[in-house]
Amino acid sequence: MSQQKQERYEDSYLYKVRHSAAHVMAQAVLELFPDGKITIGPPVENGFYYDFDLPRNLTPEDLEQVEKRMRQIVQGRHEFKKTVISAEEAKKIFADQPYKLELIEGLEKGGFDEYGNPLNEKPEISIYQHDTFTDLCRGPHVENTKEIKPDAFKLMSIAGAYWRGDENNKQLQRVYGTAWENKKQLEEYLHQLEEAKKRDHRKLGKELEIFIFDEEVGPGLPLWLPNGGVMIEELEKLAKEIEERAGYVRVRTPSVTKEDLFLRSGHLPYYAESMYPPMELEGVKYYVKPMNCPMHHKIFGSKGRSYRELPLRLAEYGTCYRYEKSGELFGLMRVRSMQMNDAHIYVTEDQFEEEFLSVIDLYLKYFELFGIEKYVMRFSKHSKAGLGKKYVDNERLWIKTEDMVRRAMDNGNVPYEEVEDEAAFYGPKIDVQIWSAIGREFTLATNQVDFAQPARFDLKFTNKDGQDEMPLCIHRAPLSTHERMIGFLLEHYAGSFPVWLSPEQVRVISITDAQNEYAESIAKQLRENGIRASADVSSQRMNAKIRQAQLMKVPYMIVVGKDEMAANQVSLRARDGSQQNNIALDEFIARAKDRIARRAKEL
RNA sequence: GCCGACGUAGCUCAAUCGGCAGAGCACCCGCCUUGUAAGCGGGCGGUUACGAGUUCGAUUCUCGUCGUCGGCUCCA
């Protein structure tokens with residue numbers, strides 16, 4: 001394998017430019033608010049931010065002023081000067097900056113760097129000064145402010161952000177900016193943002209009539225339009241095919257159950273925040289399910305199980321409801337009602353590794369099918385501090401199952417990143433992280449270990465020696481939920497789905513109304529061949545019909561005029577603009593059927 | 001949930017300083033009979049998200065509610 005040496009972002013020139021721009025911005029903001037308190041201001045992807053605690057909220061007009069002042073400051077060619085100082089000196093300098101004092105204390109103890117990230121060694125304490133501004137900072141920075149080009153940065157937005165990312169802390173005002181080496185790069189970036197917006201699944205979903213939200217129905221509760229309905233059916237067909245081959249069996253369970261079930265499962269103690277509140281009938285509380293697992297556990301436990309039955313793979317496309325906080329909703333990617341590509345696999349400890357890896361293989365198979373290349377597998381572990389709060393309180397089993405996952409991934413040679421404090425409440429997991437068109441990060445597929453619920457439900461099987469043994473449970477959702485998957489696919493394909501997934505696969509276009517009947521009969525024949533087709537026999541001109549089909553990103557357009565009708569043939573125009581005139585309908589049907597059957601990427 | 005911005009016809013967007021709410025597309029009705037991304041004409045369409053307030057008068061100013069968006073927190 002060729003190991004290309006890539007410069008780390010932290011070592012790049014752009015990183016220094018952005019870091020320095022953040023300092024200049026802080027200076028400008030402090031000039032506007034002399035009593036303002038500064039916190040941290042690091043470079044981030046594509047730019048930088050700085051968090052402030054100010055006497056009043058910033059307005060867009062303030063931002064304009066700050067940006068203007070920044071342009072003046074950078075012209076001043078002020079040198080960035082680093083000075084290493086003692087904690088005592090630092091505390092004197094930042095005597096009226098409480099957040100900085102907190103950071104200095106952290107640095108003194110050696111536990112954290114100035115951004116609150118854990119550190120092994122005790123770092124040196126340094127300050128950077130330019131013009132009138134001094135910040136506690138380890139750098140690095142550019143030589144002087146002139147290196148920040150006045151036409152290569154832009155302040156982007158104001159947002160609230162909690163001090164040290166903890167919602168129990170005070171909310172600060174964060175100003176985001178973007179900065180580049182030159183004007184051209186900035187313009188390219190802004191252009192990219194515009195382009196990304198065109199891929200936004202919320203926009204495409206509306207244009208392609210996939211789904212809608214309705215104020216009266218409620219936030220986070222999508223209504224699937226017929227086109228979305230088709231996509232859901234195709235995804236379920238895919239999942240069913242693959243799962244049947246892999247030995248899964250399908251079950252069905254209710255959406256609402258008694259409180260008792262979720263008390264036993266641990267959802268109420270650990271997950272209640274994300275659940276819709278209970279409804280009470282005849283003195284009994286019922287909850288809408290946020291997950292299918294408790295009911296699958298009930299099915300597992302419904303009779304005596306032998307080791308011969310394992311792995312037992314129970315699959316269900318169940319609709320779950322989670323009360324996501326209002327500000328967390330995001331189009332289809334984050335909703336309150338969702339249909340999960342769910343399954344629970346009950347295995348013996350010996351079977352765990354093979355089964356876990358076979359689920360990972362399943363992801364990879366799907367990713368290949370969809371051409372998904374940009375993703376990260378994240379190994380999400382518990383945190384010691386979360387035990388008994390976010391996570392079931394059994395450290396021994398946490399460590400044991402995490403070791404099992406690590407071993408499985410290592411033995412399977414699957415690359416992954418380990419992350420602390422991201423696990424499910426019942427066990428560690430491998431999440432696949434992807435990014436939306438506008439750069440927001442999401443978990444798509446997930447593969448989770450559960451040692452907690454089998455114990456809570458007292459699940460057991462009889463092993464070879466005739467003894468009771470507890471199975472481990474693997475929760476998995478390689479196709480995520482319909483909502484997130486389709487949201488993602490909309491952006492991934494920019495709405496131009498492969499033929500098999502396209503809501504409308506063929507649009508038959510008559511050139512004059514003399515061919516309307518012929519067009520209808522072709523559409524009918526296509527449908528009889530299992531191809532989703534409709535005929536556009538409106539009185540519009542052909543060009544307008546083609547344009548409409550293009551805008552709806554229909555993969556195939558069949559154009560018929562008097563010549564085609566006379567010869568009993570068709571003309572094919574594909575979504576990519578390519579054309580094939582005067583071909584037999586059967587020839588086209590064969591092509592379309594082949595693409596659909598293979599779930600081919602090509603048209 | 002928190003901070004900020006926004007909400008005008010089915011969609012995309014206008015409306016000067018507080019003075020009769022407008023366009024294109026879509027839809028409906030005609031005309032045209034058309035050759036690979038928009039033919040022409042006409043018509044319908046609004047309690048300016050909802051509810052209060054200020055004012056002679058509110059799309060415009062103020063407050064509240066709901067929703068959306070940018071973030072934070074959280075997550076399939």
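Note that this is a predicted model, so its numbers are computed, not measured. A, B, ... follow the sequence lines: proteins, then strands. Residue 1 opens every chain.
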Under-3.5 Å N/O pairs linking protein and nucleotides 25-33 of chain B:
residue	atom	partner	partner atom	Å
B/C32	O2	A/Arg541	NH1	2.9
B/C32	O2	A/Arg541	NH2	3.4
B/U33	O2	A/Asp513	N	3.3
B/U33	O2	A/Asp513	OD1	3.4
B/U33	N3	A/Asp513	OD1	3.2
B/U33	N3	A/Asp513	OD2	2.9
B/U33	O4	A/Asp513	OD2	3.0

Under 3.5 Å, which protein N or O atoms sit close to an N or O of nucleotides 14-18 of chain B? Give each pair with its distance.
none

Under 3.5 Å, N/O pairs linking protein and nucleotides 42-47 of chain B:
none

Can you check nucleotides 63-66 of chain B for protein contacts, nitrogen or oxygen pairs under 3.5 Å, and list what you find?
none

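Between A/Glu234 and A/Lys237 a salt bridge is recorded (basic side-chain N to carboxylate O distance below 4.0 Å). The pair A/Glu102-A/Arg164 meets the salt-bridge criterion, since a charged nitrogen lies less than 4.0 angstrom from a carboxylate oxygen. Looking at A/Glu355 and A/Arg313, a side-chain N of the basic residue comes within less than 4.0 Å of a carboxylate O on the acidic one, giving a salt bridge.
The aromatic ring centres of A/Phe330 and A/Phe442 sit less than 6.0 Å apart. For A/Tyr556 and A/Phe588, the ring centers sit closer than 6.0 Å to each other. When ring centroids are compared, A/Tyr287 and A/His267 stay outside the 6.0 Å threshold.
A/Thr257 meets the side chain to side chain donor-acceptor pair (under 3.5 Å) test with no other residue; sequence neighbours excluded. Listed by chain and residue number, A/Asn168, A/Asn169 satisfy the side chain to side chain contact (heavy atoms under 4.5 Å, CB included) test with A/Asp166 (two or more places apart in sequence, or in another chain). Judged as a ring pair (Phe, Tyr, Trp, His ring centres under 6.0 Å), and not counting sequence neighbours, the contacts of A/Trp180 are A/Tyr189.
No side-chain donor from either of A/Asp62 and A/Gln65 sits under 3.5 Å from a side-chain acceptor of the other.
A cation-pi arrangement is absent between A/Arg336 and A/Tyr321, since the terminal nitrogen or guanidinium carbon is not both under 6.0 Å from the aromatic centre and inside a 45° cone about the axis. The side-chain tip of A/Arg174 points at the ring of A/Tyr49 from less than 6.0 angstrom away and within 45° of straight on. Geometrically, A/Lys381 does not engage A/Trp398 in a cation-pi contact, judged by NZ or CZ lying under 6.0 Å from the ring centre and within 45° of the ring axis.
Counting to the nearest Å, the C1' atom of B/G35 and the CG atom of A/Asn543 are 8 Å from each other. Going from atom CG of A/Asn168 over to atom P of B/C2 covers 14 Å, rounded to whole Å. For A/Leu223 and B/G10, the CG to C1' distance is 15 Å, given to the nearest whole Å. Between A/Ile546 atom CD1 and B/U34 atom C1' there is a gap of 11 Å when expressed in whole angstrom units.
Of the listed nucleotides (B/G35, B/U12, B/A38), B/A38 has the atom at the smallest distance from the side chain of A/Ala544.
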Exercise for review: Take nucleotides 71-76 of chain B nucleotide by nucleotide from the 5' end and write B, S or -, depending on whether a protein heavy atom sits under 4.0 Å from the base, only from the sugar-phosphate, or from neither.
Suggested key: BBBBBB

Under 3.5 Å donor-acceptor pairs involving side-chain atoms of residues 558-566 of chain A, not counting sequence neighbours:
residue	atom	partner	partner atom	Å
A/Glu564	OE1	A/Gly561	N	3.0
A/Glu564	OE2	A/Ser571	OG	2.6

List the atom pairs, with distances to 0.1 Å, where a side-chain N or O of residues 207-224 of chain A and a protein N or O form a donor-acceptor pair under 3.5 Å, not counting sequence neighbours.
residue	atom	partner	partner atom	Å
A/Glu207	OE2	A/Lys203	NZ	3.0
A/Asp214	OD1	A/Glu216	N	2.7
A/Asp214	OD1	A/Val217	N	3.3

Sequence neighbours left out, cut at 3.5 Å: what donor-acceptor pairs do the side chains of residues 488-497 of chain A make with other protein atoms?
residue	atom	partner	partner atom	Å
A/Glu491	OE1	A/Ala437	N	2.4
A/Glu491	OE2	A/His201	N	2.8
A/Glu491	OE2	A/His201	ND1	2.9
A/His492	NE2	A/Phe370	O	2.6
A/His492	NE2	A/Gly371	O	3.4
A/Tyr493	OH	A/Phe370	O	3.3

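Looking at A/His475 and A/Cys293, their side chains come closer than 4.5 Å, going by heavy atoms from C-beta outward.
At the heavy-atom level, A/Asp342 lies nowhere under 4.0 Å from the strands shown. Counting any heavy atom pair closer than 4.0 Å across all strands shown, A/Lys206 reaches sugar-phosphate atoms only and no base atom. Using a 4.0 Å heavy-atom distance criterion, A/Gln550 is classed as a base contact.
A donor-acceptor pair is defined here as one N or O able to donate and one able to accept, closer than 3.5 Å; no such pair exists between the side chain of A/Glu418 and the backbone of A/Arg378. No donor-acceptor pair closer than 3.5 Å links the side chain of A/Asp513 to the backbone N or O of A/Asn516.
Between A/Arg202 and the phosphate of B/C69, there is a side-chain N or O to OP1/OP2 separation shorter than 4.0 Å.
Base pairing in RNA chain B yields stems of at least 3 consecutive Watson-Crick or G-U pairs, both distances under 3.5 Å, namely B:1-7 with B:66-72, B:10-13 with B:22-25, B:27-31 with B:39-43, B:49-53 with B:61-65.
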